[in-house]
Amino acid sequence: MFRRIKEDIEVVFEQDPAARSYLEVVLTYSGLHAIWAHRIAHALFKRKLFFLARVISQISRFFTGIEIHPGAKIGRRFFIDHGMGVVIGETCEIGNNVTVFQGVTLGGTGKEKGKRHPTIKDNALIATGAKVLGSITIGENSKVGAGSVVLHEVPPNSTVVGIPGRVKIRDGVKIRKDLNHTDLPDPIADRFKEMENEIARLSSELESLRKERSQVNGHSYL
């Protein structure tokens, strides 16, 4: 147990350059407090002491502003930076070395039963204000950009941004166009392409009109 506590503290120093001392981290980092409280609540939850587990999780929520359902499964070296407004649902599964920032929701869509919350694989990062909803998987080493809303599976080694979230980078390569349902086309780029085609069409029509007029008048306006 003490080894795990020490590991949690070391993760804070690795992830947060503002951390200055062990005493500061232990006493003032709400994300750390929420994780420790969750471990107790989750142990009670597994023993079917559901009411007591929920009481502990709600007390933790009151003091930290972070709501983690006691049924959620969380791996090692999990780091919550700042943390206010973070919500993690009951059937959420989080791997090792995962980082989430304030305002993140790992929730359901309200339609599923059973496994209805996301699975976050090892080394993933969920940035400020992102919403990952439904029984979907965020692949290993993937990143979800700030404010994104993710409703579909995310492959490993990918970066997702936008509303709805779409893959912009995979395996270090920018995605320009992909027919996979997780990689939606860029609507802005498509609109620019349409405008370019329309300008080309109008230029062609104008050129034809100039030629017709020059033929009627017997001389060129070109």
Is [X] reaching over with its side chain to a backbone N or O of [Y], donor-acceptor style, under 3.5 angstrom?
{"X": "Arg39", "Y": "Ile35", "value": "no"}
{"X": "Thr119", "Y": "Glu93", "value": "no"}
{"X": "Ser158", "Y": "Val167", "value": "no"}
{"X": "Gln102", "Y": "His82", "value": "no"}
{"X": "His117", "Y": "Thr91", "value": "yes"}
{"X": "Lys131", "Y": "Gly103", "value": "yes"}
{"X": "Thr64", "Y": "Ile66", "value": "yes"}
{"X": "Ser148", "Y": "Gly145", "value": "yes"}
{"X": "Ser142", "Y": "Val154", "value": "no"}

So, for [X] and [Y], which heavy atoms are closest and what is the spacing to 0.1 Å?
{"X": "Ala127", "Y": "Ala146", "answer": "CB-N, 3.5 Å"}
{"X": "Ile9", "Y": "Val26", "answer": "CD1-CG2, 3.7 Å"}
{"X": "Leu44", "Y": "Ala53", "answer": "CB-CB, 4.0 Å"}
{"X": "Gly89", "Y": "Ala72", "answer": "O-CB, 3.4 Å"}

Working note: Ile68 + Ile80, criterion side chain to side chain contact (heavy atoms under 4.5 Å, CB included); need CA distance, chi angles, decisive distance, verdict. CA-CA 11 Å; Ile68 308 176; Ile80 303 175; 4.2 Å; yes
Rounded to the nearest 0.5 Å, how far apart are [atom1] of [X] and [atom2] of [Y]?
{"X": "Ile199", "Y": "Ser204", "atom1": "CD1", "atom2": "OG", "answer": "13.5 Å"}
{"X": "Ile88", "Y": "Ile126", "atom1": "CD1", "atom2": "CD1", "answer": "10.0 Å"}
{"X": "His69", "Y": "Cys92", "atom1": "NE2", "atom2": "SG", "answer": "11.5 Å"}
{"X": "Ile138", "Y": "Ile120", "atom1": "CD1", "atom2": "CD1", "answer": "5.0 Å"}
{"X": "Asn141", "Y": "Thr159", "atom1": "CG", "atom2": "OG1", "answer": "10.5 Å"}

Does anything in residues 62-85 form a salt bridge (charged side-chain N to carboxylate O under 4.0 Å, His left out)? List the pairs, not counting sequence neighbours. Glu7-Arg76, Glu14-Arg77, Arg61-Glu67
Is there a continuous path of hydrophobic side-chain contacts, each under 4.5 Å between heavy atoms, that joins [X] to [Y]?
{"X": "Phe101", "Y": "Ile163", "value": "no"}
{"X": "Val149", "Y": "Val86", "value": "no"}
{"X": "Leu32", "Y": "Met84", "value": "no"}
{"X": "Ile40", "Y": "Ile59", "value": "no"}
{"X": "Val11", "Y": "Ile5", "value": "yes"}

Among all residues two or more places apart in sequence or in another chain, which pass the ring pair (Phe, Tyr, Trp, His ring centres under 6.0 Å) test with Phe63? none
Return the set of residues passing ring pair (Phe, Tyr, Trp, His ring centres under 6.0 Å) with His38 (not counting sequence neighbours), or none when no residue passes. His42
Are Arg116 and Glu90 within salt-bridge range, i.e. N to O under 4.0 Å? yes
If you count heavy atoms of other groups shown closer than 6.0 angstrom to CZ of Arg20, is the number above 12? no
Might you work through the side chain to side chain contact (heavy atoms under 4.5 Å, CB included) test for Asn123 and Lys143, ending with a clear yes or no? CA-CA 9 Å; Asn123 307 310; Lys143 299 178 182 179; over 6 Å; no
Sequence neighbours excluded, the answer for salt bridge (Lys or Arg N to Asp or Glu O under 4.0 Å) partners of Glu196 is none
Tell me every residue that passes salt bridge (Lys or Arg N to Asp or Glu O under 4.0 Å) with Glu24, counting only those two or more places apart in sequence or in another chain. none
Less than 4.5 Å apart, side chain to side chain, heavy atoms only: is that true for [X] and [Y]?
{"X": "Thr105", "Y": "Val132", "answer": "no"}
{"X": "Leu23", "Y": "Leu27", "answer": "yes"}
{"X": "Phe79", "Y": "Val98", "answer": "no"}
{"X": "Val144", "Y": "Leu125", "answer": "no"}

Members sharing Phe50's hydrophobic cluster (side chains within less than 4.5 Å): Phe45
Derivation and outcome, side chain to side chain contact (heavy atoms under 4.5 Å, CB included), residues Asn97 and Asp122: CA-CA 6 Å; Asn97 300 304; Asp122 296 349; 5.6 Å; no
Let me see the working for Leu106 and Ile94 under side chain to side chain contact (heavy atoms under 4.5 Å, CB included), right down to the final yes or no. CA-CA 10 Å; Leu106 305 178; Ile94 299 175; 3.9 Å; yes
